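These notes are about the structure you will find just below.
Because only heavy atoms are used, hydrogens play no part in the values below, and waters and symmetry mates are left out as well, while side chains stay in. Because the structure is a prediction, the values reported are computed rather than measured.
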Amino acid sequence: SAVISQKPSRDICQRGTSLTIQCQVDSQVTMMFWYRQQPGQSLTLIATANQGSEATYESGFVIDKFPISRPNLTFSTLTVSNMSPEDSSIYLCSVRTGNQPQHFGDGTRLSIL
Amino acid sequence: GDSVTQMEGPVTLSEEAFLTINCTYTATGYPSLFWYVQYPGEGLQLLLKATKADDKGSNKGFEATYRKETTSFHLEKGSVQVSDSAVYFCALRGFGNEKLTFGTGTRLTIIP
(Lines give C-alpha, C1' and ligand atoms only; values in the text may rest on other atoms or scores of the structure.)
Protein backbone atom coordinates (compact mmCIF):
# COMPACT_ATOMS: atom_id res chain seq x y z
CA SER A 1 0.00 0.00 0.00
CA ALA A 2 1.01 3.62 -0.50
CA VAL A 3 3.18 5.30 2.11
CA ILE A 4 1.60 8.57 3.20
CA SER A 5 3.66 11.29 4.88
CA GLN A 6 1.82 14.08 6.61
CA LYS A 7 3.43 17.25 7.95
CA PRO A 8 3.41 18.64 10.53
CA SER A 9 2.54 15.77 12.84
CA ARG A 10 1.31 18.22 15.46
CA ASP A 11 1.16 21.93 16.10
CA ILE A 12 -0.10 24.45 18.59
CA CYS A 13 -1.39 27.62 16.99
CA GLN A 14 -2.76 30.95 18.02
CA ARG A 15 -6.34 31.95 17.43
CA GLY A 16 -6.83 33.78 14.14
CA THR A 17 -3.81 32.30 12.38
CA SER A 18 -3.70 29.76 9.55
CA LEU A 19 -1.86 26.47 9.17
CA THR A 20 -1.11 24.49 6.03
CA ILE A 21 -0.87 20.71 6.31
CA GLN A 22 0.99 18.76 3.65
CA CYS A 23 0.29 15.24 2.43
CA GLN A 24 2.88 13.45 0.30
CA VAL A 25 2.35 9.98 -1.15
CA ASP A 26 5.14 7.76 -2.44
CA SER A 27 3.15 6.70 -5.52
CA GLN A 28 0.50 8.16 -7.77
CA VAL A 29 -2.99 7.77 -6.43
CA THR A 30 -6.41 8.36 -7.96
CA MET A 31 -8.22 9.84 -5.00
CA MET A 32 -7.06 12.03 -2.13
CA PHE A 33 -9.30 13.00 0.77
CA TRP A 34 -9.07 15.18 3.85
CA TYR A 35 -10.82 14.23 7.10
CA ARG A 36 -11.30 15.84 10.47
CA GLN A 37 -11.46 13.83 13.69
CA GLN A 38 -12.61 15.85 16.65
CA PRO A 39 -11.57 14.62 20.11
CA GLY A 40 -13.11 11.26 20.89
CA GLN A 41 -15.15 11.27 17.69
CA SER A 42 -15.30 9.44 14.39
CA LEU A 43 -13.98 10.79 11.12
CA THR A 44 -15.76 13.47 9.13
CA LEU A 45 -14.93 14.00 5.47
CA ILE A 46 -13.98 17.60 4.74
CA ALA A 47 -13.40 17.34 1.01
CA THR A 48 -12.09 15.34 -1.91
CA ALA A 49 -8.95 16.88 -3.38
CA ASN A 50 -9.13 16.98 -7.16
CA GLN A 51 -5.98 17.20 -9.23
CA GLY A 52 -5.74 20.48 -11.05
CA SER A 53 -9.18 21.73 -10.07
CA GLU A 54 -11.15 22.90 -7.08
CA ALA A 55 -11.78 20.42 -4.29
CA THR A 56 -15.23 18.97 -3.72
CA TYR A 57 -16.42 19.99 -0.26
CA GLU A 58 -18.85 18.18 1.99
CA SER A 59 -21.80 19.88 3.58
CA GLY A 60 -20.67 22.18 6.38
CA PHE A 61 -17.19 22.80 4.98
CA VAL A 62 -16.28 25.74 2.74
CA ILE A 63 -13.30 26.65 0.63
CA ASP A 64 -12.65 29.94 2.43
CA LYS A 65 -12.12 28.10 5.70
CA PHE A 66 -10.40 24.96 4.33
CA PRO A 67 -8.64 25.76 1.06
CA ILE A 68 -7.17 22.65 -0.55
CA SER A 69 -4.65 22.24 -3.32
CA ARG A 70 -3.68 19.17 -5.31
CA PRO A 71 -1.13 20.07 -7.95
CA ASN A 72 -0.32 16.48 -8.95
CA LEU A 73 -1.15 12.83 -8.25
CA THR A 74 1.10 12.51 -5.20
CA PHE A 75 0.71 15.72 -3.20
CA SER A 76 -2.01 17.77 -1.54
CA THR A 77 -2.30 20.51 1.05
CA LEU A 78 -5.08 21.50 3.43
CA THR A 79 -5.08 24.92 5.02
CA VAL A 80 -7.07 25.62 8.16
CA SER A 81 -7.77 29.35 8.04
CA ASN A 82 -8.54 31.90 10.73
CA MET A 83 -8.39 29.23 13.40
CA SER A 84 -10.48 29.13 16.55
CA PRO A 85 -10.43 26.65 19.46
CA GLU A 86 -13.24 24.71 17.75
CA ASP A 87 -10.75 23.77 15.02
CA SER A 88 -8.68 21.76 17.49
CA SER A 89 -8.78 18.30 15.94
CA ILE A 90 -6.79 15.65 14.17
CA TYR A 91 -6.66 16.26 10.41
CA LEU A 92 -6.06 13.17 8.30
CA CYS A 93 -5.04 12.74 4.70
CA SER A 94 -6.34 9.61 2.98
CA VAL A 95 -5.70 8.11 -0.45
CA ARG A 96 -7.10 5.47 -2.71
CA THR A 97 -6.31 4.05 -6.15
CA GLY A 98 -8.98 2.35 -8.19
CA ASN A 99 -10.97 -0.18 -6.16
CA GLN A 100 -8.24 -0.66 -3.58
CA PRO A 101 -8.98 0.10 0.07
CA GLN A 102 -8.45 3.61 1.34
CA HIS A 103 -5.30 4.28 3.39
CA PHE A 104 -4.60 7.01 5.91
CA GLY A 105 -1.69 9.11 7.02
CA ASP A 106 -0.78 9.42 10.69
CA GLY A 107 -2.62 12.71 10.97
CA THR A 108 -1.85 16.22 12.14
CA ARG A 109 -2.81 16.95 15.74
CA LEU A 110 -3.78 20.57 15.93
CA SER A 111 -4.45 22.58 19.08
CA ILE A 112 -5.64 26.16 19.01
CA LEU A 113 -5.01 28.43 21.97
CA GLY B 1 -28.12 7.16 2.33
CA ASP B 2 -25.42 4.79 3.51
CA SER B 3 -24.91 4.38 7.24
CA VAL B 4 -22.93 2.26 9.69
CA THR B 5 -24.07 1.43 13.20
CA GLN B 6 -21.35 0.28 15.50
CA MET B 7 -21.33 -1.14 19.00
CA GLU B 8 -21.02 1.56 21.59
CA GLY B 9 -17.92 1.59 23.70
CA PRO B 10 -15.82 1.66 25.61
CA VAL B 11 -15.18 -2.05 25.86
CA THR B 12 -12.84 -3.42 28.52
CA LEU B 13 -11.70 -7.03 28.45
CA SER B 14 -9.12 -9.15 30.18
CA GLU B 15 -6.22 -10.52 28.22
CA GLU B 16 -7.05 -13.75 26.33
CA ALA B 17 -10.78 -13.01 26.37
CA PHE B 18 -12.96 -13.41 23.28
CA LEU B 19 -13.81 -10.21 21.46
CA THR B 20 -16.84 -9.26 19.42
CA ILE B 21 -17.52 -5.75 18.18
CA ASN B 22 -20.85 -5.50 16.39
CA CYS B 23 -21.30 -3.59 13.15
CA THR B 24 -24.41 -3.35 11.01
CA TYR B 25 -24.93 -1.28 7.92
CA THR B 26 -27.49 0.24 5.60
CA ALA B 27 -26.60 0.62 1.95
CA THR B 28 -28.05 0.05 -1.47
CA GLY B 29 -26.53 -2.61 -3.64
CA TYR B 30 -23.38 -4.39 -2.57
CA PRO B 31 -21.01 -2.23 -0.58
CA SER B 32 -17.44 -3.08 0.35
CA LEU B 33 -16.91 -3.37 4.09
CA PHE B 34 -13.86 -2.52 6.18
CA TRP B 35 -12.50 -2.52 9.69
CA TYR B 36 -9.89 0.10 10.54
CA VAL B 37 -7.89 0.34 13.77
CA GLN B 38 -6.46 3.47 15.34
CA TYR B 39 -3.73 2.97 17.93
CA PRO B 40 -3.07 5.80 20.38
CA GLY B 41 -1.44 8.77 18.70
CA GLU B 42 -1.62 7.26 15.23
CA GLY B 43 -3.72 7.44 12.08
CA LEU B 44 -6.08 4.73 10.87
CA GLN B 45 -4.74 1.41 9.65
CA LEU B 46 -6.73 -0.97 7.52
CA LEU B 47 -7.29 -4.11 9.57
CA LEU B 48 -9.37 -6.20 7.18
CA LYS B 49 -11.89 -5.99 4.37
CA ALA B 50 -14.57 -7.90 2.51
CA THR B 51 -16.01 -7.00 -0.86
CA LYS B 52 -18.88 -9.43 -1.38
CA ALA B 53 -21.40 -11.47 0.54
CA ASP B 54 -19.99 -14.36 2.62
CA ASP B 55 -16.42 -13.08 2.21
CA LYS B 56 -14.37 -13.41 5.39
CA GLY B 57 -11.68 -10.83 6.00
CA SER B 58 -8.89 -11.74 8.42
CA ASN B 59 -5.69 -10.22 9.75
CA LYS B 60 -3.63 -10.41 12.96
CA GLY B 61 -6.07 -12.95 14.44
CA PHE B 62 -9.09 -10.73 13.76
CA GLU B 63 -11.93 -11.92 11.53
CA ALA B 64 -15.14 -10.50 10.12
CA THR B 65 -17.66 -12.09 7.76
CA TYR B 66 -19.80 -10.11 5.30
CA ARG B 67 -23.37 -11.17 6.10
CA LYS B 68 -25.78 -9.72 3.59
CA GLU B 69 -28.84 -11.38 5.08
CA THR B 70 -28.28 -9.61 8.39
CA THR B 71 -26.40 -6.60 6.92
CA SER B 72 -23.62 -7.17 9.43
CA PHE B 73 -19.84 -7.27 9.58
CA HIS B 74 -18.99 -8.10 13.18
CA LEU B 75 -15.34 -8.08 14.24
CA GLU B 76 -14.09 -11.06 16.28
CA LYS B 77 -10.89 -12.25 17.85
CA GLY B 78 -10.50 -15.41 19.83
CA SER B 79 -7.89 -14.24 22.34
CA VAL B 80 -7.11 -10.56 22.74
CA GLN B 81 -3.81 -9.09 23.86
CA VAL B 82 -2.91 -5.87 25.63
CA SER B 83 -1.47 -4.64 22.33
CA ASP B 84 -4.95 -4.81 20.76
CA SER B 85 -6.02 -1.82 22.86
CA ALA B 86 -7.12 0.76 20.29
CA VAL B 87 -10.17 2.34 18.67
CA TYR B 88 -11.84 0.20 16.01
CA PHE B 89 -13.90 1.70 13.18
CA CYS B 90 -16.30 -0.15 10.91
CA ALA B 91 -16.72 1.45 7.48
CA LEU B 92 -18.37 0.86 4.13
CA ARG B 93 -17.99 2.12 0.60
CA GLY B 94 -21.13 1.87 -1.43
CA PHE B 95 -20.98 0.44 -4.93
CA GLY B 96 -20.08 3.25 -7.30
CA ASN B 97 -19.45 5.61 -4.39
CA GLU B 98 -16.08 7.29 -3.91
CA LYS B 99 -16.50 7.95 -0.20
CA LEU B 100 -16.18 5.89 2.95
CA THR B 101 -18.93 5.97 5.55
CA PHE B 102 -17.64 5.36 9.08
CA GLY B 103 -19.21 4.10 12.24
CA THR B 104 -18.71 5.98 15.48
CA GLY B 105 -15.75 3.87 16.60
CA THR B 106 -15.37 1.50 19.56
CA ARG B 107 -12.63 2.05 22.09
CA LEU B 108 -11.20 -1.27 23.27
CA THR B 109 -9.02 -1.60 26.35
CA ILE B 110 -7.39 -4.90 27.26
CA ILE B 111 -6.19 -5.31 30.82
CA PRO B 112 -3.46 -7.81 31.79
Side-chain angles (χ1 to χ4, degrees), chain A residues 1-10 21-25 29-51 55-61 70 78 89-111, chain B residues 1-11 21 23 25 29-52 55 57-59 62 64 66 73 86-109:
Chain A
S1 62
V3 175
I4 305 166
S5 300
Q6 214 176 307
K7 292 180 181 178
S9 59
R10 60 178 68 242
I21 302 167
Q22 297 182 356
C23 178
Q24 178 73 56
V25 191
V29 293
T30 310
M31 308 293 295
M32 294 185 80
F33 306 91
W34 287 98
Y35 288 82
R36 182 175 72 184
Q37 186 180 23
Q38 293 178 303
Q41 302 296 311
S42 187
L43 281 75
T44 301
L45 181 63
I46 297 172
T48 302
N50 300 310
Q51 189 216 349
T56 305
Y57 289 85
E58 297 299 303
S59 176
F61 297 96
R70 189 182 173 188
L78 167 74
S89 291
I90 302 172
Y91 292 86
L92 294 136
C93 173
S94 180
V95 305
R96 180 167 62 81
T97 295
N99 284 326
Q100 297 302 307
Q102 207 164 305
H103 294 279
F104 289 80
D106 281 341
T108 295
R109 283 149 182 80
L110 183 56
S111 297
Chain B
D2 296 345
S3 68
V4 176
T5 301
Q6 192 173 335
M7 178 176 174
E8 290 284 335
V11 174
I21 301 178
C23 172
Y25 67 89
Y30 297 88
S32 295
L33 302 174
F34 307 89
W35 277 100
Y36 285 87
V37 58
Q38 186 176 33
Y39 297 103
E42 299 184 12
L44 271 69
Q45 297 178 21
L46 178 67
L47 182 58
L48 52 84
K49 67 178 175 70
T51 57
K52 60 183 187 294
D55 264 2
S58 62
N59 186 24
F62 291 89
Y66 189 143
F73 192 54
V87 181
Y88 292 81
F89 292 93
C90 184
L92 72 82
R93 188 170 78 236
F95 183 77
N97 194 340
E98 300 293 356
K99 306 171 193 176
L100 281 178
T101 300
F102 282 93
T104 53
T106 301
R107 181 175 298 277
L108 173 67
T109 301

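A:Arg10 does not touch chain B: none of its heavy atoms, backbone or side chain, sits under 4.5 Å away. Heavy-atom distances place no part of A:Gln6 under 4.5 Å from chain B, backbone and side chain included.
Contact between A:Pro101 and B:Phe34 at its shortest, heavy atoms only, is CB-CE2, 3.8 Å. The two residues B:Glu98 and A:Phe33 have their closest heavy-atom pair at O-CZ, 3.4 Å.
To the nearest 0.5 Å, atom CG of residue A:Asn99 and atom CZ of residue B:Phe95 are 8.5 Å apart. Taken to the nearest 0.5 Å, the CG atom of B:Leu44 stands 9.5 Å off from the CD1 atom of A:Ile90. The structure places CD of A:Gln102 at 10.0 Å from CG of B:Leu46, a figure rounded to the nearest 0.5 Å. Going from atom CZ of B:Phe102 over to atom CD of A:Gln37 covers 9.0 Å, rounded to the nearest 0.5 Å.
Distance alone, capped at 3.5 Å, is enough to place a donor-acceptor pair between the A:Ser42 side chain and the B:Gly103 backbone. Counting only distance, with no hydrogens or angles, the side chain of A:Arg109 and the backbone of B:Gly41 share a donor-acceptor pair below 3.5 Å.
Side-chain contact between B:Gln38 and A:Phe104 is absent, with no heavy atoms from C-beta onward closer than 4.5 Å.
For B:Tyr39, the OH atom sits in a packed shell: over 12 heavy atoms of surrounding residues, nucleotides or ligands are nearer than 6.0 Å. B:Glu8 CD: 12 or fewer foreign heavy atoms inside a 6.0 Å radius.
In terms of non-hydrogen atom pairs under 4.5 Å with chain A, the most contact-rich of B:Arg107, B:Arg93, B:Lys99 is B:Arg93.
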